[in-house]
Amino acid sequence: MLSISEIRSRASAFSLRWKDEVSEDSEAKSFWDEFLQVFGVDRKRVAAFEKQVAKAGDKAGYIDLFWPGLLIVEHKSAGKDLNKAFTQAIDYFPGLKDHELPRYVIVSDFRRIRLYDLTESTDVEIGITELPDRIDLFGFVSGYVPRRFRDEDPVNVRAAELMGRLHDAIKATGYEGHQLEVFLTRLLFCLFGDDTGIFGRDSFVSFLETKTREDGLDVGPQLSFLFQILNTPYEKRPTNLDEELKAFPYVNGQLFAEALPTPHFDSEMRRRLLECANFNWTFVSPAVFGAMFQGVMNDVERRNLGAHYTSEKNILKVVSGLFLDEVEEELRNAQHSEHRLRALHERIANMRFLDPACGCGNFLIVTYKELRRIEIEILVRLESMGKLSGKGQIYTDVSALSRLSVHSMFGIELEEFPARIAEVALWLIDHIMNVELAKTFGGYFVRLPLTDGPTIKIADALEVDWRKDIIDTNASAEWFILGNPPFVGSKMMSDAQRTAIKQLFGGISGSGVMDFVTGWFVKAAQTIQGTPIRCAFVSTNSISQGEQVGILWKHLVQKYDIKIHFAHRTFRWSNEAKGVAAVHCVIVGFGCQDVAHRYLFDYANVTAAAAKAEVPAINGYLTAGAQLVILSRKKPLSAVPEMMKGNQPTDDGNLLLSPDERTLLIGQDSNLEQFVRECIGSYEFLNGMKRYCLWLVNAGPSVIRSSPLLMERVESVKRFRSQSTKAATRKKANMPTLFDEIRQPISNYLLVPSVSSENREYIPMGFMSPDVISTNLNLIVPDATRYHFGILTSTMHMSWVRYVCGRLKSDYRYSKDLVYNNYPWPEPTDAQREKVEALAQGVLDARANHPTSTLADLYHPTTMPPDLRKAHDALDKAVDQCYRKEPFTSERERVEYLFDLYRKPTEGFGAEEAGRRKGGERMHLGTSLRRNRSGRA
């Protein structure tokens, strides 16, 4: 199966080939043959042209392209009516066997392609030039199953904003902290209750409008009285209450039990409260509470707590992969069997869910809503079979039909406010689904007073024993763990958080660099030992790339025998809240047990729809393939020159010079020119910028003292370093004339920028003179040849980079220890090596043809000149042939090949058996490669 990026590349060539072609009907075969090749499909194996079938009305017809069970294509000449083409395609259906009926129909006239999904009842039309950007629509052709997740209703965002403004107004009066949190939680319940049938319709609005003054001064006392009524059983209420207040129900559930200070309202605050009360909350999901919470927190609190609240759309990606897809398939298979329907009802009634970082309960809310939706479908089907008593009548006790309640939902949350919101939100979603059940079967179902509620434990999830304190594995319940643990990067963690992570990892090497979210993976792995419990977490994509993969997944697999069941590769995470941070996320579903089917969800880009593919196994890099880890190494595995960081000034800018500062310095003292060198960081290298530095390696003390300009800068360096918190830097304050770390080669060297845009097909790199000082923002390879340059600037190496290197946001962050030192170099013949060297020079020559263009210009995906692209294409083919004779057809194939090269001889996890000699001696990959490839580097 081709990767998404490979399909897009092929689609670009296809659209360019056909967009201006004056095409006749006779060319339709070529058009669709090439279309299938875009998606890596051999048409002869799966589909037929001009398939003759009987049409409606006993007429014979020919299907232009027929893929049994999947696809029918009806092709017309340019400008023809595609609606008629679709009708013609449908007319073939009576002549097909049931198993041949397709899910998809495509009609086209060369210029336009229209796709009909008969299962989803959708159709989409695109122009031929749009194909590269819309390949997600046709992923099914190569085996990717399109999955659509529900988008958010804008009404949720509006509700959160209204509550945020009310919160701000109340807090501004000095009413804050715990009392404000409880007060807002009660208001939220009342707002929902007014529009969803817990209260009489608009009872709360009427109460505010008729029982409070316009100046707002009595709003606080009146609300306090109402809350007291809601906490009092009917028989204990004052006998002289007016009818309007008597009508409010007894809620219980401890929601209104605590006595609070009375807030002081004014006319503006009353207006804002009425604005909230008059808003229609009927269509607001209780999951919006999470967004409301995030919207009213300040930026500092949000960062400290890692509080990123996921949208329903993204929650469904977790829930679907963890259990919902499986349950829905069971439902489809059980639709005509009473026994299977009741067994499924029994199963979902026994499901239990733990979110160990539940926040405001979003994951639990959506999970419970989906379970109740499934339950209603089960009951509807049983009723249609006549297997429910009271068929055709209004049920006298609708509540007896449901076997689900929110007592099956468990959470752990560090802060009280979101925990309380989670409890209320679960009560509300329970009520909303009770109303849905009542609508379906008639009758009235309100679960009041509140009993048998959810369990939300206010505690630090990493300190709680999930198994002992929450999960009862002795009962018949089927447990799942899911959620969205805090997104706090390693460099942003507090000392306490870092200590907790190290302890969870047992102090293993590298645990100090792990993100906070990894603690939940380890905690879950510990919890599920010896059980069939399945887990799924959202995480930043840092756990699936770079250094953290090796540390985390080696620990999880070797110590806990964890297996990945499904995964979503990187996608852009969005939610409803104000000021949402841009986060690139992954989803990983895992457990200790093997599963029959493993699914990988890929994305054409971070904002595209998910494409689902079944794979035999998933590794920690979230690619298809056996588990492996790639750990940092200090030396290259192969016999190649070592890579190192550039020179690090640690000077507060005092040893660095802009062009203007250089001119000024030399103008005041021309003798200093001998100590000024060109200095290049990654930004200057990529963008053709000039910068300079004071390189005082050979400057005698008398020279420095005789120049006030030098003395001023050197003293500033000394002062800056002496104030550092690092002992090593303070020690270097004694040598302020020199860069902190010096690694400058004495001969030409290869420069690799440490950070490069993910949009570039190749990381730009190049040879530099030893007179040019590279900063630590670059990596350098002394003694590198054109052969080394050719391999490193190839598509083969870039495929490795995309999967193994870390990221700065989404940009590549090249690492010598992780990427370069672990890269499996080929074993070329002398002729192959010479060819790579010659074609590498061709790349350098092509660059030289554009002297006014920067490397950023030359390697921009849109502006890359044709001669440079052709030079890279030729080099890519030569490098591929160094690895094997057969061409690689996709990036995924390249990576799997490289992973196999890395896995087979290396010692340790994922390859231990393959790395042992006869007699049990372990063979180290580095030794093996150096022995076999010596003399060829």
Side-chain angles (χ1 to χ4, degrees), residues 1-13 37-38 40 132 135 545 602 604-605 621 623-625 630 638 640 750 752-753 756-766 781 784 786-805 807 810-812 814 819-820 822-828 832-833 835-847 855 858-902:
M1 187 184 300
L2 298 181
S3 69
I4 293 292
S5 58
E6 180 70 17
I7 293 172
R8 185 188 293 108
S9 176
R10 293 186 178 197
S12 297
Q37 290 175 29
V38 167
I135 57 171
Q545 57 192 220
D602 207 352
N605 55 67
Y621 295 90
T623 64
I630 299 171
S638 303
V640 294
L750 182 64
V752 181
S756 181
S757 169
E758 67 165 346
N759 296 321
R760 298 187 180 114
E761 294 181 42
Y762 307 92
I763 295 177
M765 52 188 74
V781 186
R786 286 175 299 163
Y787 168 73
H788 301 117
F789 168 77
I791 299 294
L792 294 177
T793 196
S794 69
T795 293
M796 198 71 179
H797 180 250
M798 282 304 301
S799 297
W800 177 265
V801 168
R802 276 187 276 272
Y803 279 76
V804 176
C805 82
R807 300 291 178 107
S810 60
D811 290 340
Y812 303 124
Y814 200 97
V819 181
Y820 182 82
N822 282 302
Y823 182 64
W825 288 68
E827 298 180 4
Q832 288 173 332
R833 176 186 290 271
K835 187 174 184 179
V836 169
E837 289 179 340
L839 293 172
Q841 184 61 51
V843 170
L844 296 172
D845 292 342
R847 292 181 186 177
L855 288 171
L858 293 173
Y859 284 89
H860 189 283
T862 302
T863 61
M864 189 176 191
D867 60 338
L868 180 58
R869 183 172 292 281
K870 289 178 182 178
H872 270 288
D873 288 344
L875 177 60
D876 285 340
K877 290 178 182 178
V879 172
D880 286 354
Q881 289 171 1
C882 290
Y883 283 93
R884 72 180 194 188
K885 293 181 180 180
E886 300 83 8
F888 294 96
T889 61
S890 67
E891 179 168 279
R892 174 176 166 184
E893 190 176 333
R894 294 176 190 276
V895 172
E896 289 175 352
Y897 185 87
L898 290 171
F899 278 177
D900 282 341
L901 281 182
Y902 176 84

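The figures that follow rest on heavy atoms only: side chains count, while hydrogens, waters and symmetry mates do not.
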Checklist entry - How many angstroms lie between atom OH of Tyr902 and atom CG of Asn822, to the nearest 0.5 angstrom? => result 4.5 Å

Checklist entry - Among all residues two or more places apart in sequence or in another chain, which pass the side chain to side chain donor-acceptor pair (under 3.5 Å) test with Ser799? => result none

Checklist outcome for this item: So salt bridge (Lys or Arg N to Asp or Glu O under 4.0 Å) across residues 867-877, not counting sequence neighbours, yields Glu761-Arg869

Next on the checklist: My understanding is that only residues two or more places apart in sequence, or in another chain, count here; which of them pass side chain to side chain donor-acceptor pair (under 3.5 Å) with Asp880?
Outcome noted: Arg894

Item to check | Sequence-distant partners of Arg786, side chain to side chain donor-acceptor pair (under 3.5 Å), two or more places apart | outcome: none

Next on the checklist: For a 4.5 angstrom cut-off between non-hydrogen side-chain atoms, does Cys882 reach Val836?
Outcome noted: yes

Next on the checklist: Main chain of Asn759, side chain of Ser757: is a donor-acceptor contact present, judged purely on distance under 3.5 Å?
Outcome noted: yes

Next on the checklist: I'd like to know whether Tyr814 forms a side-chain contact (heavy atoms from CB on, under 4.5 Å) with Leu792, so could you lay out the CA-CA distance, the side-chain angles of the two residues, the decisive distance to 0.1 Å, and finally the verdict.
Outcome noted: CA-CA 12 Å; Tyr814 200 97; Leu792 294 177; 4.1 Å; yes

Item to check | Test item: side-chain donor near acceptor, Arg847 and Tyr859, under 3.5 Å | outcome: yes

Next on the checklist: Please report the interatomic distance SG(Cys805) to CD1(Ile630), rounded to the nearest 0.5 Å.
Outcome noted: 11.0 Å

Item to check | Distance, nearest 0.5 Å, that separates NE2 of His872 from CE of Met798 | outcome: 10.5 Å

Item to check | Listed partners of Tyr820 passing ring pair (Phe, Tyr, Trp, His ring centres under 6.0 Å), at least two apart | outcome: none

Item to check | Exercise: identify the closest heavy-atom pair between Ala846 and Ala871 | outcome: CB-CB, 4.2 Å

Checklist entry - Quick one: are Val843 and Leu868 in side-chain contact, heavy atoms under 4.5 Å? => result yes

Checklist entry - Do you know the tightest heavy-atom contact between Ile763 and Pro753? => result CG2-CG, 4.0 Å

Next on the checklist: My understanding is that only residues two or more places apart in sequence, or in another chain, count here; which of them pass side chain to side chain contact (heavy atoms under 4.5 Å, CB included) with Asp845?
Outcome noted: Gln841

Checklist entry - Measuring from Arg760:CZ to His860:NE2, what's the distance to the nearest 0.5 Å? => result 8.5 Å

Item to check | 4.5 Å side-chain heavy-atom contact, Tyr787 and Pro828 | outcome: yes

Item to check | Pairing residues for Glu896 by the salt bridge (Lys or Arg N to Asp or Glu O under 4.0 Å) criterion, not counting sequence neighbours | outcome: Arg892

Checklist entry - Any side-chain heavy atom of Glu886 within less than 4.5 Å of one from Tyr897? => result no

Next on the checklist: To the nearest 0.5 Å, what is the distance between CD1 on Ile791 and CE on Met796?
Outcome noted: 9.5 Å

Next on the checklist: Working note: Phe789 + Leu844, criterion side-chain contact (heavy atoms from CB on, under 4.5 Å); need CA distance, chi angles, decisive distance, verdict.
Outcome noted: CA-CA 10 Å; Phe789 168 77; Leu844 296 172; 3.6 Å; yes

Checklist entry - Where is the tightest heavy-atom contact between Ala840 and Gly790, given as atom of each residue plus distance? => result CB-CA, 3.8 Å

Next on the checklist: When you measure from the side chain of Trp800 to the backbone of Val819, do you find a donor-acceptor pair of N or O atoms at a distance under 3.5 Å?
Outcome noted: yes

Next on the checklist: In terms of relative ring orientation, are Tyr621 and Phe899 parallel, tilted or perpendicular, with 30° and 60° separating the classes?
Outcome noted: tilted

Item to check | Contacts of Tyr883 that satisfy side chain to side chain donor-acceptor pair (under 3.5 Å) - sequence neighbours left out | outcome: Tyr823

Item to check | Lys/Arg-Asp/Glu bridge criterion (N-O < 4.0 Å) met for Glu893, Arg884 | outcome: yes

Item to check | For the student: nearest non-hydrogen atoms of Ala874 and Leu839, plus distance | outcome: O-CD1, 3.4 Å

Checklist outcome for this item: Taken to the nearest 0.5 Å, the spacing of Thr793 OG1 from Leu875 CG works out to 7.0 Å

Item to check | Heavy-atom pair with the smallest gap, counting every atom of Leu750 and Ala784 | outcome: CB-CB, 3.7 Å

